[in-house]
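Not measured: the values here are computed from a predicted model. A note on names: the letters A, B, ... follow the listed sequences, proteins ahead of strands, and every chain is numbered from 1.
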Number of protein chains: 2
Amino acid sequence: MQTDKNIELTISDGHASAPPKAAKKILDVAYDLFYRRGIRAIGVDEIVKRAGVTKPSLYRSFPSKDELAASYLRQYDLEFWERFDEAVDAHPGDPRAQIIAFLTRVGKRTQNPDYRGCGMTNAAVEYPERGHPARVVSEDNKQELRRRLRAMAAAMGAPDADTLGDGLLLLIEGAYISGQLFGLGGPAQSVARNADLLIEASLKE
Amino acid sequence: MQTDKNIELTISDGHASAPPKAAKKILDVAYDLFYRRGIRAIGVDEIVKRAGVTKPSLYRSFPSKDELAASYLRQYDLEFWERFDEAVDAHPGDPRAQIIAFLTRVGKRTQNPDYRGCGMTNAAVEYPERGHPARVVSEDNKQELRRRLRAMAAAMGAPDADTLGDGLLLLIEGAYISGQLFGLGGPAQSVARNADLLIEASLKE
DNA sequence: TGACAATGTTACCGATCGGTACGTATACAT
DNA sequence: ATGTATACGTACCGATCGGTAACATTGTCA
């Protein structure tokens, strides 16, 4: 229920007081393990072992494993929007090009042999219980993504912008899942192409 | 590694010898719990408790929890193709109508408040390790789905049938995930509409 | 009645789960 | 130097994990 201790590492790190060094290592390791192998599959013992710290150190920085998972997803959220906005900023005023740029990069990433999809999506699958700390972060991220996609669809001038925005979201989520289900050469590599076709059809409608 | 004991319940059940009654109850309960709450989230103790049997009974019918999970998915596979072929059979010779019929039903199911997506997809997310018994069943199912979607896209006369088939797969997977991520009114309800738009654009290409 | 197969009962295994009580080391300010 | 606060380590907790050994009970068919 506390949100005090672990926010330090987002604001500190750089200037004067540099105490929470263990917390950063823990979060880094947890990020990697949670993403690659799943949250439920990883125990706190393995995290502290790989981080070179001890268990009490983890529980001094994070109130529980569930909250550590939520912190991992908050970090994921930050980096996700960095990637997203990178594509957006590359094509100012051209939402269609922004989407395609983003999806082209997603399509490429899915062809990485150890691609593991979207950490947000995976966490929501792992934790179907409503209100779970990790799921809350995931749901918020997806709500915001939906909002932005619909806004971009509207900016494209689509007659039914909400449907197009949702269609793009479906393609994106499909790419995340297919990327980790099929190996190389999976359906996810065509996500940008399919999105372009869908946009084309939706604008002409 | 064995596939002997638990296949009985697919062939027996009805005539003379009706011994493996416990196995069926166990699989039924496991099916429900695994699907609704996830495989990793459910322990064997809870399964046997809800099934009204004891742990040794479970391990007489299934060599391990992982194999029980695989059996659950094999059952899921059967029922999945029943639903799929139902939509196919409803529109003989019209692959486009078949797809739309299937996706209309998927879109409706996703609006069920306790919809939990596709058991296959969820299992693959829960078990990223290649070769895991549950994941193997899931991957086989998805490979076959991809094959059939591409074949249907070809039958529609799409110039780039593989891309359209993959695009439909992305929309389907996206619907599975979005259906459990967003509650009512989520993007998954527009999956049939978006698929229709994508087909339209792909045929005209 | 006898034999066999399926299930149930009880008790247990080692390993791991998430989490904590408590003592120790280090740094810094007075 | 000494107090004080903070970070860390050792050792441990009860609960649950997946899985099993050994034996009693049941129902069915010959």
Side-chain angles (χ1 to χ4, degrees), chain A residues 1-2 4-6 8-9 12-13 15-27 29-30 33-34 37-72 126-127 129 132-134, chain B residues 1-2 4-9 11-30 33-34 37-72 126-127 129 132-134:
Chain A
M1 295 299 175
Q2 299 150 308
D4 37 66
K5 288 177 182 168
N6 40 349
E8 303 180 85
L9 54 92
S12 79
D13 192 338
H15 60 50
S17 67
K21 209 179 54 174
K24 174 162 173 50
K25 277 198 298 186
I26 290 168
L27 187 55
V29 170
L33 291 177
F34 283 163
R37 305 189 14 212
I39 299 172
R40 291 199 120 112
I42 298 295
V44 292
D45 291 277
E46 184 164 0
I47 294 174
V48 300
K49 190 177 172 187
R50 304 265 275 247
V53 301
T54 56
K55 228 185 313 190
S57 284
L58 191 157
Y59 284 95
R60 270 177 226 116
S61 299
F62 306 92
S64 67
K65 185 201 173 183
D66 287 345
E67 279 303 326
L68 173 59
S71 292
Y72 144 59
E126 283 199 275
Y127 294 99
E129 312 88 30
H132 188 287
Chain B
M1 292 302 176
Q2 300 150 306
D4 37 66
K5 288 178 181 169
N6 40 349
I7 62 166
E8 304 182 85
L9 55 90
I11 56 176
S12 77
D13 193 339
H15 61 51
S17 67
K21 210 180 53 176
K24 176 161 172 49
K25 277 198 300 185
I26 291 168
L27 187 55
D28 284 350
V29 170
L33 291 177
F34 282 164
R37 305 190 12 214
I39 299 172
R40 290 200 122 111
I42 298 296
V44 292
D45 292 276
E46 184 164 0
I47 294 174
V48 300
K49 190 177 172 187
R50 304 266 275 246
V53 300
T54 56
K55 227 183 318 186
S57 283
L58 191 158
Y59 283 97
R60 272 180 217 119
S61 299
F62 305 93
S64 67
K65 185 201 174 183
D66 287 346
E67 280 302 327
L68 173 59
S71 292
Y72 144 59
E126 283 199 276
Y127 293 99
E129 312 89 29
H132 188 287

Which of these nucleotides, D:dG18, D:dT10, C:dG19, is closest to any side-chain atom of A:Pro56?
D:dT10

Residue met sooner reading DNA chain C from 5', once A:Gly43 and B:Gly52 are mapped to nucleotides
B:Gly52

Looking at B:Glu126 and B:Gly38, would you say the former's side chain and the latter's main chain have a donor-acceptor pair under 3.5 Å?
no

Closest listed nucleotide, where the reference is the side chain of B:Asp45 and the choices are D:dG9, D:dC17, C:dG19
D:dC17

Rounded to whole angstroms, how far apart are CD on A:Glu46 and C1' on C:dG19?
18 Å

Of the nucleotides C:dT7, C:dG18, D:dT20, which one has an atom closest to the side chain of A:Lys55?
C:dG18

Of all heavy-atom pairs between A:Lys55 and A:Val44, which one has the smallest distance, and what is that distance?
CD-CG2, 3.9 Å

Compare every heavy atom of B:Ala69 with every heavy atom of B:Ala134, then report the nearest pair and how far apart it is.
CB-CB, 4.2 Å

Within this structure, what is the CD-to-C1' distance between A:Glu67 and C:dG18, rounded to whole angstrom?
14 Å

What's the closest nucleotide to the side chain of A:Ser64 if the choices are C:dG19, C:dT9, D:dG18?
C:dG19

Considering all heavy atoms, the nearest B:Leu27-B:Tyr72 contact
CD1-N, 3.8 Å

Once you apply a heavy-atom cut-off of 4.0 Å, does B:Leu68 come out as touching a base, just sugar-phosphate, or nothing?
nothing

4.5 Å side-chain heavy-atom contact, A:Val48 and A:Val53:
yes

In this structure, how many angstroms lie between the C1' atom of D:dG18 and the OH atom of B:Tyr127, rounded?
11 Å

Mind checking if A:Ile47 touches a base, just sugar-phosphate, or nothing, with heavy atoms under 4.0 Å?
nothing

Do A:Val29 and A:Glu46 come close enough that some side-chain heavy atom pair is under 4.5 Å?
no

A:Arg60 CZ to C:dC22 C1', in whole Å, measures 11 Å

Below 4.0 angstrom from OP1 or OP2 of C:dG19, is there any side-chain N or O of A:Tyr59?
yes

Aromatic ring pairing A:Tyr127/A:His132, orientation class (parallel under 30°, perpendicular over 60°, tilted between):
parallel

Rounded to whole Å, the NZ-P distance (B:Lys24 to C:dA6) equals 18 Å

Nearest whole Å is fine: how far is D:dA7 C1' from A:Leu58 CG?
14 Å

Which nucleotide sits closest to the side chain of A:Ser57: C:dG8, D:dC8, C:dG18?
D:dC8

Taken to the nearest whole Å, NZ/A:Lys65 to C1'/D:dC17 is 13 Å

Can you find an N or O donor on one side and an acceptor on the other, under 3.5 Å apart, linking the side chain of B:Arg40 with the base of D:dG18?
no

Closest nucleotide among D:dC8, C:dT7, D:dG19 to the B:Lys21 side chain:
C:dT7

To the nearest 10 degrees, the angle between the two end axes of the helix from C:dT1-D:dA30 to C:dT30-D:dA1 (five pairs per end) comes to 0°

Distance, rounded to the nearest Å, where A:Phe62 contributes CZ and C:dT20 contributes P
15 Å

